[in-house]
Amino acid sequence: MKKFISLLLSSIIAFSFAVVAPAANEKTVLNVYNWGEYIDLSTIDMFEEENPNIKVNYTTYDSNEAMYSKIVSGAASYDIVIPSDYMISKLIQDDMLAELDFDNIPNFANVDKAYKNKSYDPENKYTVPYFWGTVVVIYNSKYVAPEDAEKESLDLLWNEKYAGKILMFDNPRDAFGLALTKLGYSQNSESEEEWQEAAELLKEQKPLVQAYVMDAIFDKMEAEEAWIAPYYAGDAIIIQETNPNVDFYIPKEGTNLFFDAMCVLKTSAHKEEAEKFINFMCEPEIAAMNSEEVGYATPITKAAKELLDPEITGNPIIYPGDEFLRENTEVFVNLPQKIQMIQSALWTNLKIQSSESGEKESALDWVDWFCIATAAVGVVSAAYFIVRNSRRKKLWKSAV
Amino acid sequence: MNKSDTRLKRIMTAPFSVWMAIFVIVPIGLVLYYAFTSSEGGFTLENIASIWEYRGTYLISIELALVATVICLLMAYPLAYSISKMKARRQQTMVLLVMLPMWMNFLIRTYAWMTILEDTGLINTFIKFLLSLVGYEFEGFTMINTNGAIVLGMVYNFLPYMVLPIYTVLTKIDRSVIEAARDLGAGGMDVFTRVILPQSVPGIISGITMVFVPAVSTFVISKLLGGGMTYLIGDIIENYFLGNTGEVNYNVGAALSLVLMVLILISMGIMNHFDEDAETNGGGLF
């Protein structure tokens, strides 16, 4: 709900900007396209105050894929987008990102060197990291037995004891990532058999799952409607703030480490202003404000070490430390086309499979026969009516 | 009909024709184009053939939409009938009440149902509270994330579209015909089944169309109230266009929509021919 209201508000804001824009014709409009609930909106006001000739038009999306299809369709022109790692490498592959002029971004020096030159942008030519984090398992300690939670394992998501109280990612990349990790495979596996196995594991889990959701997780975990869910570490903190019974851990099998980084699109007509915006977001004070608001970990060293609440920056789940990250986490890369098609097919297959019925793979079951019969009846009756109608029209004509 | 009349007619309809051409004809042409081409642009029937895989999904979508339509009809007809019998002022108020929920955003209304149906939602909390007063521990009903919840969402959201056309047709029925039937000795039941019901068929048919078509193609209701556990055909089409599954494929998406469109057209066609009067009364869609 919170998410939805913020979406509503941001679209109202976007709309009002669109109305105001023609009047303030001197101003450059900077179109920023970001994840929902992923900024302290007052930082935008501060940026506009500092740069009175720039107007920020801020809009949001709720998945990398939605963002991608929007910018590819060319329906709207954006200057800055803030996608995740694997989507960035896809955008670089598609030649859609502009190389940044780091002379205009002096604050890039504030970024901790651990978060530069990552696999999605090895020479760090296109991106400036915005937030990073890990996927954690969130659980409600009121209902989940301590001995189950203490194992800190992904098995909790497959534990039949909690059937009907488990939520799961409603996006294939994260869901398959968890299943692959549980099987001990790489989240970026390029082996078709491993993906098949992961799909089997997800199928096994489906009867235990209450719902496949993304942002609805906030409401459902806070209200104790569901007890167990995998999600992003930053959001886990937000949920915990509302419901103190909620706790979370990094699964011992390993997890996904993600980066969301600011990029400028090649089609942008205001690259310099866009770089100014990126530079502003790298000010330690601003980064600290954003991090405090959204709960995710900031890559800006000074903000993390000096400005933020040490209780959070000292939390090994939010800031697990370089060594831990290197050994226990994996960053998504853009999957080869073939694997992407397999992922898509397996996911759709998982979702269209009824959760109640088991496997039944006969050649033609009653569903098939029903479809054939319906189609046949449809075609025959359509033909009949067409023939009859044309005959009646002829009669009518001859009568007149 | 003389010439200047035709010209006037043409000028009057020109804006609508242009509108139809741009926003109806062209998009349907695009759907056709994408459905019969491969991603490289050559002609192919593969997209249409690949739809066989989703027959189960078509079936469950149609099944849920049909159940919702029947429930809507059973609820809407008595309501519309009793409204049409009221005094003029009360009729206005009642019609307003039927339309009132539509003033609020569709998404927000559906979201509200989530918090009503959840295991810790309004209904369950209330029942648990009542039973706890008599010292009974109650587990609660599972309502959200089921097919029943999806049907409920459809019925709730589309009910006004069934009530309004039926109500309109019922108010237009000539009172003198009913009086004539009475004079000729028909009882209350006979008047209804042989005079009122046949005359209201056009309204029923447009009501069924207006409920069934959006219900069979919905994807928001199944996502919010079905918890993503049941995939409807609308969900799959959405995924192919937005690439939520990691694959953007306009071609298969267009083929899926095309088949859905044809299925709807066929069923509407069959239904309209159930009653021949529908054509002459001008209430039907075709």
Side-chain angles (χ1 to χ4, degrees), chain A residues 1 4 8 63-66 68-70 72 164-165 167-168 170-173 176 206 209-214 216 219-220 223-226 335 337 339-341 343-355 365 367-368 370-372 374-375 377-379 381-382 384-386 388-389, chain B residues 50 52-60 62-63 105 107-108 111-112 114-115 117-121 124-125 142 144-147 222-233 235-236 238-250 252 259 262-263 265-267 269-270 272-273 279:
Chain A
M1 200 67 208
F4 184 71
L8 204 79
S63 81
N64 280 308
E65 286 72 23
Y68 182 78
S69 64
K70 192 94 174 267
V72 169
K165 293 296 175 188
L167 297 177
M168 192 63 185
D170 194 18
N171 91 53
R173 198 71 216 265
F176 275 106
K206 191 172 181 183
V209 172
Q210 182 187 82
Y212 292 95
V213 289
M214 292 302 290
D219 283 341
K220 292 190 191 279
E224 305 186 346
E225 173 75 14
L335 295 169
Q337 184 68 19
I339 297 293
Q340 271 184 41
M341 304 283 272
Q343 172 188 266
S344 166
L346 290 175
W347 179 254
T348 310
N349 197 288
L350 168 77
K351 294 301 282 293
I352 62 179
Q353 200 203 27
S354 151
S355 49
D365 56 5
V367 173
D368 300 304
F370 190 87
C371 287
I372 294 169
T374 320
V377 168
V379 169
S381 46
Y384 170 71
F385 286 126
I386 288 167
R388 201 182 61 170
N389 266 5
Chain B
S50 70
W52 182 247
E53 209 182 306
Y54 302 113
R55 60 196 178 281
T57 314
Y58 274 109
L59 208 62
I60 187 107
I62 292 172
E63 188 188 316
N105 183 290
L107 268 177
I108 296 178
Y111 248 98
M114 264 170 91
T115 50
L117 294 179
E118 281 178 345
D119 294 354
T120 53
N124 273 326
T125 315
T142 308
I144 191 96
N145 307 327
T146 59
N147 288 348
S222 56
K223 198 173 276 180
L224 294 180
L225 299 180
M229 302 298 282
T230 301
Y231 244 29
L232 299 187
I233 204 67
D235 292 294
I236 295 184
E238 190 213 9
N239 278 341
Y240 273 117
F241 278 98
L242 287 185
N244 287 337
T245 56
E247 181 199 1
V248 181
N249 193 335
Y250 284 13
V252 176
V259 169
V262 170
L263 285 177
L265 274 178
I266 290 177
S267 48
I270 293 172
N272 277 336
H273 285 279
E279 285 166 43

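Chain identifiers are assigned alphabetically (A, B, ...) following the order of the sequence lines, protein sequences preceding nucleic acid strands; residue numbering begins at 1 within each chain. These numbers were taken from a predicted model, which means no experiment stands behind them.
Ranked by non-hydrogen atom pairs under 4.5 Å with chain B, the options M341(A), K70(A), M168(A) are led by M341(A). Chain A forms the most heavy-atom pairs under 4.5 Å with one residue out of E53(B), E118(B), K223(B), and that residue is E118(B). Most heavy-atom pairs under 4.5 Å with chain B, from the set K220(A), R173(A), Q337(A): that is K220(A). Ranked by heavy-atom pairs under 4.5 Å with chain A, the list L242(B), I62(B), I266(B) is led by L242(B). Chain B forms more heavy-atom pairs under 4.5 Å with one residue of E65(A), E225(A), Q340(A), E224(A) than with any other, namely E225(A).
Using a 4.5 Å cut-off between heavy atoms, I60(B) makes no contact with chain A at all. Looking at Q210(A), both its backbone and its side chain come within 4.5 Å of chain B, counting heavy atoms on both sides. For chain A, the nearby part of F241(B) is the backbone; its heavy atoms alone come within less than 4.5 Å. With a 4.5 Å cut-off on non-hydrogen atoms, N239(B) does not touch chain A at all. Contact annotation for V209(A): both backbone and side-chain heavy atoms come within less than 4.5 Å of a heavy atom of chain B.
Between Y231(B) atom OH and T348(A) atom OG1 the span is 6.0 Å, to the nearest 0.5 Å.
At a threshold of 4.5 Å between non-hydrogen side-chain atoms, the residues I352(A) and I236(B) count as touching.
In terms of heavy atoms, T120(B) sits closest to A223(A) at OG1-O, 3.7 Å.
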